Structure formats: C-alpha cells, structure tokens
Colleague: 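Sharing a structure below in structure tokens format, with a few things to ask.
Side chains are part of it too, since the values below use all heavy atoms of this structure and drop only hydrogens, waters and symmetry mates. Numbers here are sequence positions counted from 1. The model shown is predicted, which means the values in this text are computed figures rather than measured ones.
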Amino acid sequence: MASLRPLNRRELLHWATGLGVSFALPGMEVRAAEQRGTERPRSLITLWLSGGPSQLETWDPHPTTRIGGPTGAISTSLPGVQIANSFPRLADQMHHLSVIRSLVSKEGDHDRASYLVKTGFRPDPTLRHPSVGAIVAHALPYEPLEIPPVISLGYDNHLSRGGFLGGRFDALRVREPGSSNDDLRAWLAAPRQQRRLSHLDVVAQAFARGRQSVVDRTMHSENVDAALTMMTSDQLKAFELNEESASTLANYGDSNFGRGCLVARRLVQQGVRAIEVTLQNFDTHNNNFGQHRELAAVLDPAFAALMKDLHERDLLSSTVVLCLGEFGRTPRINGADGRDHWPHGFSCLLGGGGLRSGVRIGATDPSGERETPEDPITVADLYATVLKGLGVDPAHEIDTSIGRPIRYSDGTPITRLLA
C-alpha cells in the first residue's frame, strides 16, 4: 500500500502559492511589539557564521604573536575584553554580551560539526535530533503566532530541522529577507483559489478511504490549514522592511545578512521563537585574513545594530542572541595564507534573555602549541545554558520514535552565565 509523505513547510508554500492567496496586508499588529520584559514571548536569535569563523580574526585575537597574523585587537565596552579590530561598532555593544573562548567539539567535518553545533548532539544513525531552535519552539508554544515558530534567514546548506519533534518544527527558509519574498505570495483570484482547494479536498478524501491511520500520521489537513493561515496572516508584515526608516536600514548595512538581522528583530516582535540568520563564506583555507575583513564589514554593523535595537526596544531581556559557527580555525597559518578546521578551542558571543553579560570564559594558548584551551566548554553545556536562560528545562525528556527517551540537552548549564 502506498504511503503519503508529509509535506514540509517549503513544499506547502510552493503548493499554497498556486492557490492564489492575495496579500493586501495592513500594518503590523503592535500587541506583541508592546509586550515587555517577562510578559513578552521569549526568543532565540542565532547568527550563524557558516564555514567556521576564525576565533583569531573575531572574538579571540592574539596580535603580535606568531599565530596572530596581521589581525589587530580593539578594546571594547566590556572592560578587559578585546576583539578583532575589524569590529569597531560591535566593540561598543560588547557590554550586552559575554564571550566564551574555549568551546570544544569532537567534529571537524562541516556536515557533522554543523549538526552538532545546531543540535547539541553528535550525529546518530538511529534518529535525527532537533535543532536548538526547534526545541525552544516545542518547549514554549505561543498560541497567537500564525507564522512558523522557527525561521531561517539567508543562504545555509545546513537547514535547521525539527528532527524527532516533527516536521512542523523545521525552519521556514527565507533566502533573501526583506525582499519581495514572492514565494510567500500568490496572486490568483479568489474563485480560482477556491476551486483548487475544492479539488484538493476531493483528492484528500479519496486517499483517506481505508487509510485513516496514515492520514492522521501525516497531519495533512492540519498542515494545509496552517499554510493557508500563514499566507493570509497580518504577521507576514514582519518579513517586510518598507516600514523601516532609511537610517535604520543603513545602520544594519546594505547586505542580505544585515536585512536578515533587521527582519529577525521584527520577527521577535511577533513572537517567533527561533530565528537563524546566516552569513556564509567563513571556510577560509586560503586568503583567511582578507576574507575575514570582508565578512567583518558585513557582520559588524548588522550585529551591533541588532544588539542596540533589541536593547533600546526593551526586547533584549526576553531574547537570547548567540553568534557562532561550526568550529574555529587553526592557530597555524597554512601555505595559502589560510587557516584550516579547528574544533579544539573556538569562540562564541552570547547575551540577552536570562543570561549574564560581561562574563569571560576560557582562554586559548597564544603560542598555538597547546591544543586544549583553559576551561573547555562543550557545545552541549553551551546549549543547556541557552535553554536555561530562556526558561526551558534542558533535562526535560521526550519519547522518540525509536522508543528511547532523550533529553532536550545532555549538557549542564554554566552557572556563571545565568542571571
């Protein structure tokens, strides 16, 4: 007997686009934007630096050392903390953040490392783990939300998935945030839309005869209803930037990533639980220093504007912001003026939500001779901390399809980072 495969969000969007739903949307609902502090929905924004950013060219520079290369350092608003001098605007916002310079991982391959750093678990052939964003959305349902609770902005080869929590927690991918987003729109007249819905209903009813258990598992009807609700929701205005001032747009930067960070703030205002904004091209096996300078020119204004914006709108206390990639880069500079994969001691920035700012954790060897950093922090411990900061119990267990209960995280929260 044939089985009916459940549609993912992307497929539903392409299907629903043909239905002819027209968007003539009023201004964004302000209710969510007006909620403040503990009363508003909690959210996670992840700035994903795809390819593995060099810790030495970002948050852990070692200028004037053998391993430091030409990268200089700049003092920040966080006393005693310097970051690479390519980030002058972010340096002024560092007091909102904490820095971990001793993340460790056992995965040095892009695919496996991305899986680990997006889920907190190493790949397992018996099941797929959910992304941390999916866990947040699962643990903190928000009834007024009519758009997906997990959203990916930008281009990423490793899309965050719902894993054993289900396809409804797969990230909705929007590759060019702030653009026309035509794949979220449809323009057919209402009568033609209704005819297509009627035809779909006939097909669905015919398939359901004698296969009700299969239909129940696929959640076909629920998925269609959710797609139609989303496509007619006023909350889709969060993806548009025409209401933002020219100065705001300029602050975030004229880049796909900058617009993604601004859309991320708007999605937080709507109550979206997890937003991931991707900046690509950190796989710098050659031309490491020039490439990082170019990427910093995009990352610095966007990241700084996001932190300033969240703080000034009183959204930071309910939003955790995390910036990292799948691993770091080697202290050794190779023959192509590049750095290779290094999972043994890399860096991240995090802040907001129920996390402390101004905390420094770990240190790497400025000589590059010692592989293990001081005070190593596992990815699992990082995510247990992030979940705790959002009010989610990382030890909560879920019964999976393979009959094995699995916790949201195998890590232990880092108490130094909890407010």
Colleague: Strictly by modelled atom types, are S160 and E276 linked by a side-chain donor-acceptor pair under 3.5 Å?
Modeller: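 E276 and S160 do have a side-chain donor-acceptor pair below 3.5 Å.
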
Colleague: Compare every heavy atom of N85 with every heavy atom of P88, then report the nearest pair and how far apart it is.
Modeller: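 Taking every non-hydrogen atom into account, CD-O, 3.9 Å.
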
Colleague: Looking just at side-chain N and O atoms, do H129 and D124 make a donor-acceptor pair shorter than 3.5 Å?
Modeller: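 No - no donor-acceptor pair under 3.5 Å links their side chains.
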
Colleague: Locate the shortest heavy-atom distance separating F327 from W342; write the atom from each residue and the value.
Modeller: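 It is CB-O, 3.7 Å.
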
Colleague: Between I135 and F169, is any pair of side-chain heavy atoms under 4.5 Å apart?
Modeller: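 Counting from C-beta outward, I135 and F169 never come under 4.5 Å.
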
Colleague: Taking only Lys NZ, Arg NE, NH1 and NH2, and the carboxylate oxygens of Asp or Glu, determine whether R259 and D254 approach each other closer than 4.0 Å.
Modeller: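 Counted as a salt bridge, because a side-chain N and a carboxylate O are separated by less than 4.0 Å.
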
Colleague: Going by the angle between their ring planes, with limits at 30° and 60°, are Y408 and H138 parallel, tilted or perpendicular?
Modeller: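 Rings of Y408 and H138: perpendicular, as their planes differ by over 60°.
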
Colleague: Using a strict threshold of under 4.0 Å (side-chain N to carboxylate O), is an ion pair present between D170 and R161?
Modeller: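 Salt bridge present between R161 and D170.
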
Colleague: Hey, does P301 have a side-chain heavy atom less than 4.5 Å from the side chain of N251?
Modeller: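 Of all side-chain heavy-atom pairs linking P301 with N251, none is under 4.5 Å.
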
Colleague: Indicate the atoms forming the closest heavy-atom contact of G154 with R173, along with that distance.
Modeller: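 Answer, listing the atom of G154 first, then R173: O-CG, 4.4 Å.
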
Colleague: Quick one: do K118 and D156 make a salt bridge, cutoff under 4.0 Å?
Modeller: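 Result for this pair is yes, salt bridge flagged.
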
Colleague: Salt bridge (charged side-chain N to carboxylate O under 4.0 Å, His left out) between R89 and D300: does it pass, once the steps are laid out?
Modeller: CA-CA 6 Å; R89 287 186 55 182; D300 181 47; 5.3 Å; no

Colleague: Do N256 and Y155 have a side chain donor and acceptor closer than 3.5 Å?
Modeller: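 Side chains of N256 and Y155: no pair found under 3.5 Å.
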
Colleague: With T385, which of L355, L390, V320 fulfils side chain to side chain contact (heavy atoms under 4.5 Å, CB included)?
Modeller: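 Running side chain to side chain contact (heavy atoms under 4.5 Å, CB included) over L355, L390, V320 with T385 returns exactly one hit, L355.
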
Colleague: Establish, yes or no, whether a centroid distance under 6.0 Å links the rings of H341 and H110.
Modeller: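 Centroid distance H341-H110: below 6.0 Å, so yes.
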
Colleague: Report yes or no: do T364 and H62 form a side-chain donor-acceptor pair below 3.5 Å?
Modeller: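 Their side chains do contain a donor-acceptor pair, which is all the 3.5 Å distance test asks for.
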
Colleague: How about N286 and D337: does a side-chain donor come under 3.5 Å of a side-chain acceptor?
Modeller: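 No, because no side-chain N or O of N286 sits under 3.5 Å from a partner of the opposite role on D337.
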
Colleague: Return yes if a side-chain donor-acceptor contact under 3.5 Å exists between H95 and S77, otherwise no.
Modeller: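 Indeed, the side chains of H95 and S77 share at least one donor-acceptor pair under 3.5 Å.
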
Colleague: Any side-chain donor paired with an acceptor under 3.5 Å for Q55 and S347?
Modeller: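 Per modelled atom types, Q55 and S347 side chains form no pair under 3.5 Å.
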
Colleague: Any side-chain heavy-atom pair from C348 and L382 closer than 4.5 angstrom?
Modeller: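 Answer yes - side chains close enough.
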
Colleague: Just wondering, more than 12 heavy atoms not from H311 lying within 6.0 Å of its NE2?
Modeller: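 It does not: H311 NE2 has 12 such atoms or fewer within range.
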
Colleague: Got a salt bridge between E57 and R293, using NZ or NE/NH1/NH2 to carboxylate O under 4.0 Å?
Modeller: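 Looking at R293 together with E57, the answer is no, because their closest N to O distance does not fall below 4.0 Å.
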
Colleague: With side chain to side chain contact (heavy atoms under 4.5 Å, CB included) as the test, pick out the partner of L306 among L262, L47, V277.
Modeller: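 That would be L47; it is the only one of L262, L47, V277 passing the side chain to side chain contact (heavy atoms under 4.5 Å, CB included) with L306.
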
Colleague: Report all side-chain donor-acceptor pairs from residues 409-419 shorter than 3.5 Å, counting only partners two or more places apart or in another chain.
Modeller:
unit_1: S409; atom_1: OG; unit_2: A380; atom_2: O; d: 3.3
unit_1: S409; atom_1: OG; unit_2: G411; atom_2: N; d: 3.0
unit_1: R416; atom_1: NH1; unit_2: D375; atom_2: OD2; d: 2.7
unit_1: R416; atom_1: NH2; unit_2: D375; atom_2: OD2; d: 3.3

Colleague: So does L295 get a backbone contact from the side chain of N281, meaning a donor-acceptor N/O pair under 3.5 Å?
Modeller: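 It does not hold such a pair.
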
Colleague: Out of curiosity, Q270 CD to Q235 CD, how far, rounded to the nearest 0.5 Å?
Modeller: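 The distance works out to 4.5 Å.
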
Colleague: Could you grab the distance from atom NE2 of H396 to atom CG of L387, nearest 0.5 Å is fine?
Modeller: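 H396 atom NE2 to L387 atom CG measures 11.5 Å (nearest 0.5 Å).
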
Colleague: Do the side chains of R265 and E244 get close enough for a salt bridge, i.e. N-O under 4.0 angstrom?
Modeller: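 E244 and R265: salt-bridged.
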
Colleague: A134 and L165: which non-hydrogen atoms are nearest, and at how many Å?
Modeller: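 It is O-CD1, 3.8 Å.
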
Colleague: Mind checking the CG-CD spacing from D60 to Q82? Nearest 0.5 Å is all I need.
Modeller: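 Interatomic distance, D60 CG to Q82 CD, rounded to 0.5 Å: 11.0 Å.
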
Colleague: Could you state the interatomic distance from CG (D399) to CZ (R404), rounded to the nearest 0.5 Å?
Modeller: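 Rounded to the nearest 0.5 Å, the CG-CZ separation comes to 11.5 Å.
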
Colleague: Output yes when E243 and R266 qualify as a salt bridge under the 4.0 Å nitrogen-oxygen rule, no when they do not.
Modeller: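 Salt bridge present between E243 and R266.
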
Colleague: Do the charged groups of R329 and D283 touch, with an N to O distance under 4.0 Å?
Modeller: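 Result for this pair is yes, salt bridge flagged.
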
Colleague: Is there a side-chain contact between L97 and S357, using heavy atoms and a 4.5 Å cut-off?
Modeller: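 Not touching, per the 4.5 Å side-chain cut-off.
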
